[in-house]
Amino acid sequence: MKESSFKGRRCFTIVLLLLMAFLIFFQLNIWDTLPFKFQPKMSSTMFYSKATTEVHSICNFPPLSPKDALEERLLLESVAWPETPALQSPLSLELTSDPAHSSFTILPARGGGQWHVGDQLEVSISISDFKGQPKKSGGDFLFARLHNLRLGAGVAGKVVDHLNGSYSAVFPLLWEGAAQVEVTLVHPSEAITVLNRLTSEQPDRVFFISLFLSGSRSETTICNICLRQTKQPICDFTDPRTGDPWFCYKPKNMSCDARIAHSSVGYKQTLKAKEDELFQGRVNLKVCIPASGPSGVTVLPKKEGQPEVESSIVNFQASGYYYQGLWRALDGTTVRQFTGASAITQCLKDKVVHLYGDSTIRQWFEFLNATLPDLKESNLGSSRQNGPFLALDYENKIMVTFRLHGPPLRFIGSNEEIRYIANELDDLIGAPNTVVVFGIWAHFGSFPIEVYIRRLQRIRSAVVRLLDRAPKTVIIIRTANPKALWLDVVINNSDWFSVQCDKVLRAIFKGLNVHLIDAWEMVLAHHLPNSLHPQPPIIKNMMDVLFSYTCPQKGG
């Protein structure tokens with residue numbers, strides 16, 4: 001009887017929340033079918049006296065310790081983008097970067113000889129505008145990839161901005177045979193100007209709401225990390241343990257404790273006249289740049305005794321590459337192939353695997369659930385989008401869990417207890433048979449990078465505490481990855497935002513006893529199209545890396 005009553009209340013909450021979100025959708029004339037999350041009952045009311053549009057005031061950044069503040073400043077410097085041009089008003093597309101009028105050229109091998117495995121291939125890239133005139137400044141966002149579809153081979157390249165309209169791309173030559181260069185203009189520099197402005201002026205452009213319920217009365221109010229100050233009282237749902245901030249406007253006739261559900265209902269379009277022309281698929285949004293000559297090279301076997309050739313442009317070491325469709329790590333990790341359920345089960349036997357993060361981590365739970373027939377998911381009454389999930393293999397003593405990270409999350413669902421990753425890690429005992437996996441990045445694109453830095457600093461502190469009390473706990477972190485882009489996605493989730501998150505994550509966890517799964521290069525190097533949720537062949541390779549970290553080869 002109690003379970004039936006609980007499910008009835010859950011369904012009522014969902015219906016009521018969806019109705020409220022539907023009404024707000026029409027008010028905003030927007031909709032975004034992305035994720036959702038909930039808050040703890042801890043709350044208080046704050047009163048802000050006046051409105052402001054300053055980012056740091058909107059986002060209410062609390063002071064950091066001197067050590068964390070220094071780290072934040074250094075991280076901000078490390079991800080600083082080259083200066084991009086101010087936009088004319090009205091905007092003239094003709095003067096912006098055009099991939100069709102741009103080109104790349106493969107530079108000759110050193111000494112004018114042939115290319116061999118172990119060499120570095122260097123490519124020169126020239127960017128021009130729609131009039132065909134060379135650009136004189138940098139700041140364009142480019143991807144570079146070397147591949148051979150027949151061999152199932154691919155590796156990401158490193159792009160260097162020379163700040164004068166020219167760029168270089170550097171690739172390691174890792175396989176014999178043909179190697180085709182692909183250079184992509186993700187965003188013209190002028191689009192970066194727009195994205196930078198959006199983050200600066202509109203860090204609250206994604207709309208979150210909370211449902212408050214008291215008896216027969218209900219009300220929704222807007223919530224955010226970055227909540228504009230008005231005369232309206234504000235409920236403070238900052239997590240008492242981690243200090244992660246979250247705020248909602250207080251409902252008029254209810255207390256903050258009446259909050260029962262939370263959701264994302266879309267975003268506000270904030271582009272100025274003609275700025276949408278900077279984000280056109282097949283025109284200037286993730287469009288390949290043509291070669292001015294040959295677009296590929298033939299790579300010969302490595303010469304006997306040949307030393308590794310370093311680039312004269314940049315010191316670059318790819319984390320890995322594909323060959324015959326399989327990921328080969330270059331960081332010293334031996335990536336084993338776990339083919340079939342029995343091999344995976346043997347690896348995970350007697351282990352507890354905790355997965356935390358967004359829907360790109362949920363993919364990994366779904367992979368395990370679908371691949372291991374003896375792993376049975378328990379019915380927790382959770383939505384398929386949100387979780388939490390629990391799966392057990394009693395015979396082999398395997399337990400796998402999944403939980404979303406804390407807000408911001410663009411999911412819609414009923415009220416559940418929120419679990420910040422740092423809190424979850426602090427509640428773990430840890431042991432050699434415990435595997436902790438997390439990935440957190442996709443929902444932070446619309447916020448200033450400081451929000452992401454501070455979240456990771458708190459998670460890192462929890463990781464350090466976990467490793468102090470249980471040093472043999474295996475901790476694996478998934479990085480960000482490139483995705484398919486169109487205008488609605490670009491505004492809040494451009495790869496330009498993601499690449500900054502990616503750099504910050506790597507820097508913050510550098511030097512700790514953790515393992516990285518380089519989703520960025522694994523997606524970029526693969527021949528399949530970029531996708532927020534990578535396709536099955538890429539996921540399979542990611543899982544093989546995860547299992548290789550979980551069950552390393554003896555002596556390896």
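A quick note: this is a predicted structure, and the numbers were derived from the prediction, not measured. Hydrogens, waters and symmetry mates play no part in the numbers below; they use all other heavy atoms, side chains included.
Remark: Asn481 CG to Ser531 OG distance equals 7.5 Å, nearest 0.5 Å. A distance of 9.0 Å separates CG of Asp204 from OG of Ser446, quoted to the nearest 0.5 Å. To the nearest 0.5 Å, atoms CG (Leu505) and CZ (Arg460) are separated by 11.0 Å. Here Ile234 contributes atom CD1 and Leu227 contributes atom CG; the two are 4.5 Å apart, rounded to the nearest 0.5 Å.
We find that Arg362 and Glu366 are joined by a salt bridge, their nearest charged nitrogen and carboxylate oxygen being less than 4.0 Å apart. Using a 4.0 Å cut-off between charged nitrogen and carboxylate oxygen, Asp544 and Arg336 do not count as a salt-bridge pair. Under a 4.0 Å N-O distance rule, the pair Asp502/Arg506 qualifies as a salt bridge.
The two residues Pro203 and Ile58 come nearest to each other via the heavy atoms CG-CG2, 4.1 Å. Shortest non-hydrogen contact noted between Leu375 and Ala391 is CG-CB, 3.6 Å. Across all non-hydrogen atoms, the minimal contact from Asp426 to Arg469 is O-NH2, 3.4 Å. The shortest heavy-atom contact between Pro482 and Phe143 is CB-CE1, 3.9 Å. Taking every heavy atom of both residues into account, Gln363 and Pro534 meet most closely at NE2-O, 3.1 Å. Of all non-hydrogen atoms in Leu409 and Ser264, the two that sit nearest each other are O-CB, 4.3 Å.
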**Asked** Can you check side chain to side chain donor-acceptor pair (under 3.5 Å) on Asn423 and Asp239, steps first, answer last?
**Response** CA-CA 10 Å; Asn423 288 341; Asp239 186 82; 3.1 Å; yes

**Asked** salt bridge (charged side-chain N to carboxylate O under 4.0 Å, His left out) between Asp393 and Lys376: does it pass, once the steps are laid out?
**Response** CA-CA 6 Å; Asp393 177 346; Lys376 305 298 183 183; over 6 Å; no

**Request:** Run the numbers on Thr360 and His533 for side chain to side chain donor-acceptor pair (under 3.5 Å), then give the verdict.
**Result:** CA-CA 6 Å; Thr360 64; His533 301 109; over 6 Å; no

**Message:** Test ring pair (Phe, Tyr, Trp, His ring centres under 6.0 Å) on Phe402 and Trp364; report intermediate values, then the result.
**Reply:** CA-CA 9 Å; Phe402 166 78; Trp364 295 2; over 10 Å; no

**side-chain contact (heavy atoms from CB on, under 4.5 Å) evaluation trace for Val436 with Val353** = CA-CA 6 Å; Val436 173; Val353 181; over 6 Å; no

**Item:** Step-by-step side-chain contact (heavy atoms from CB on, under 4.5 Å) determination, Asn224 to Phe447
**Value:** CA-CA 10 Å; Asn224 213 305; Phe447 295 95; 3.1 Å; yes

**Request:** Output, in order, the C-alpha distance, side-chain angles, deciding distance and verdict of side-chain contact (heavy atoms from CB on, under 4.5 Å) for Arg455 and Ile459.
**Result:** CA-CA 6 Å; Arg455 178 65 62 87; Ile459 294 174; 4.1 Å; yes

**Message:** Please determine whether side-chain contact (heavy atoms from CB on, under 4.5 Å) holds for the pair Glu71 and Ile508, giving the CA-CA distance in whole Å, both sets of side-chain angles, and the decisive distance to 0.1 Å.
**Reply:** CA-CA 9 Å; Glu71 181 183 43; Ile508 284 183; 4.2 Å; yes

**Request:** Dump the intermediate steps for salt bridge (charged side-chain N to carboxylate O under 4.0 Å, His left out) on Glu377 and Arg384, then the final yes or no.
**Result:** CA-CA 12 Å; Glu377 184 176 354; Arg384 294 317 302 169; 2.8 Å; yes

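Under the 6.0 Å cut-off for aromatic ring centres, Phe208 and Trp246 qualify, their centroids lying closer than that. Aromatic ring centres of Phe438 and Phe509 lie closer together than 6.0 Å.
A disulfide bridge does not connect Cys235 to Cys248: their SG atoms sit 2.5 Å or farther from one another. The SG atoms of Cys226 and Cys59 lie less than 2.5 Å from each other.
Looking only at distances, no side-chain donor or acceptor of Ser200 sits under 3.5 Å from a matching main-chain atom of Arg197. In this structure, the side chain of Thr550 engages the main chain of Leu546 through a donor-acceptor pair within 3.5 Å. Using a distance-only test at 3.5 Å, with no hydrogens or angles considered, no donor-acceptor pair links the side chain of Lys483 to the main chain of Ala442. Side chain of Ser218 to main chain of Ser214: no donor-acceptor pair is present (N/O by atom type, distance under 3.5 Å, no hydrogens or angles). Between the side chain of Thr371 and the backbone N or O of Leu368 there is no donor-acceptor pair closer than 3.5 Å. Formation of a donor-acceptor pair under 3.5 Å by the Arg205 side chain with backbone atoms of Ile491 is found in this model. Of the possible polar contacts, one joining the Glu521 side chain to the Ser319 backbone as a donor-acceptor pair under 3.5 Å is found. Of the possible donor and acceptor atoms, none in the side chain of Thr479 sits under 3.5 Å from a partner among the backbone N and O of Asp518. Under a 3.5 Å cut-off, the side chain of Thr221 and the backbone N or O of Tyr249 do form a donor-acceptor pair. One N or O on the side chain of Arg217 and one on the backbone of Asn253 form a donor-acceptor pair closer than 3.5 Å.
Crowding of Ile429 atom CD1: a count of heavy atoms from other residues, nucleotides or ligands under 6.0 Å not exceeding 12. Crowding of Lys503 atom NZ: a count of heavy atoms from other residues, nucleotides or ligands under 6.0 Å exceeding 12. In this structure, Glu77 places its CD atom where more than 12 heavy-atom neighbours from other residues, nucleotides or ligands lie under 6.0 Å away.
Phe367 and Phe547 have tilted rings, their planes meeting at an angle from 30° to 60° on a 0 to 90° scale. Note on ring orientation: taking the six-membered ring where Trp is involved, the planes of Trp81 and Phe141 are perpendicular (angle over 60°, cut-offs 30° and 60°).
Under 3.5 Å, the side chains of Lys351 and Thr434 contain no donor-acceptor pair of N or O atoms. Using a 3.5 Å distance cut-off with no hydrogens or angles, the side chains of Asn433 and Lys397 do not pair a donor with an acceptor. Thr333 and Asp331 share a donor-acceptor pair across their side chains, judged by distance under 3.5 Å alone. Using a 3.5 Å distance cut-off with no hydrogens or angles, the side chains of Asp488 and Tyr267 do pair a donor with an acceptor.
Checked options Leu195, Asp495, Leu198; the residue passing with Val490 is Leu195 (criterion: side-chain contact (heavy atoms from CB on, under 4.5 Å)). Test Arg403, Arg465, Arg241 against Asp427 for salt bridge (Lys or Arg N to Asp or Glu O under 4.0 Å) and you get one pass: Arg241.
Partners of Asn196 according to the side-chain hydrogen bond (donor to acceptor under 3.5 Å, both in side chains) rule, which considers only residues two or more places apart in sequence or in another chain, do not exist here. Scored by the side-chain hydrogen bond (donor to acceptor under 3.5 Å, both in side chains) test, Asn541 finds no partners at all (sequence neighbours excluded). In this view, His515 satisfies the side-chain hydrogen bond (donor to acceptor under 3.5 Å, both in side chains) rule with no residue, not counting sequence neighbours.
Contact check for Glu72 versus Arg454: side-chain heavy atoms found under the 4.5 Å cut-off.
Geometrically, Arg458 does not engage Tyr420 in a cation-pi contact, judged by NZ or CZ lying under 6.0 Å from the ring centre and within 45° of the ring axis.
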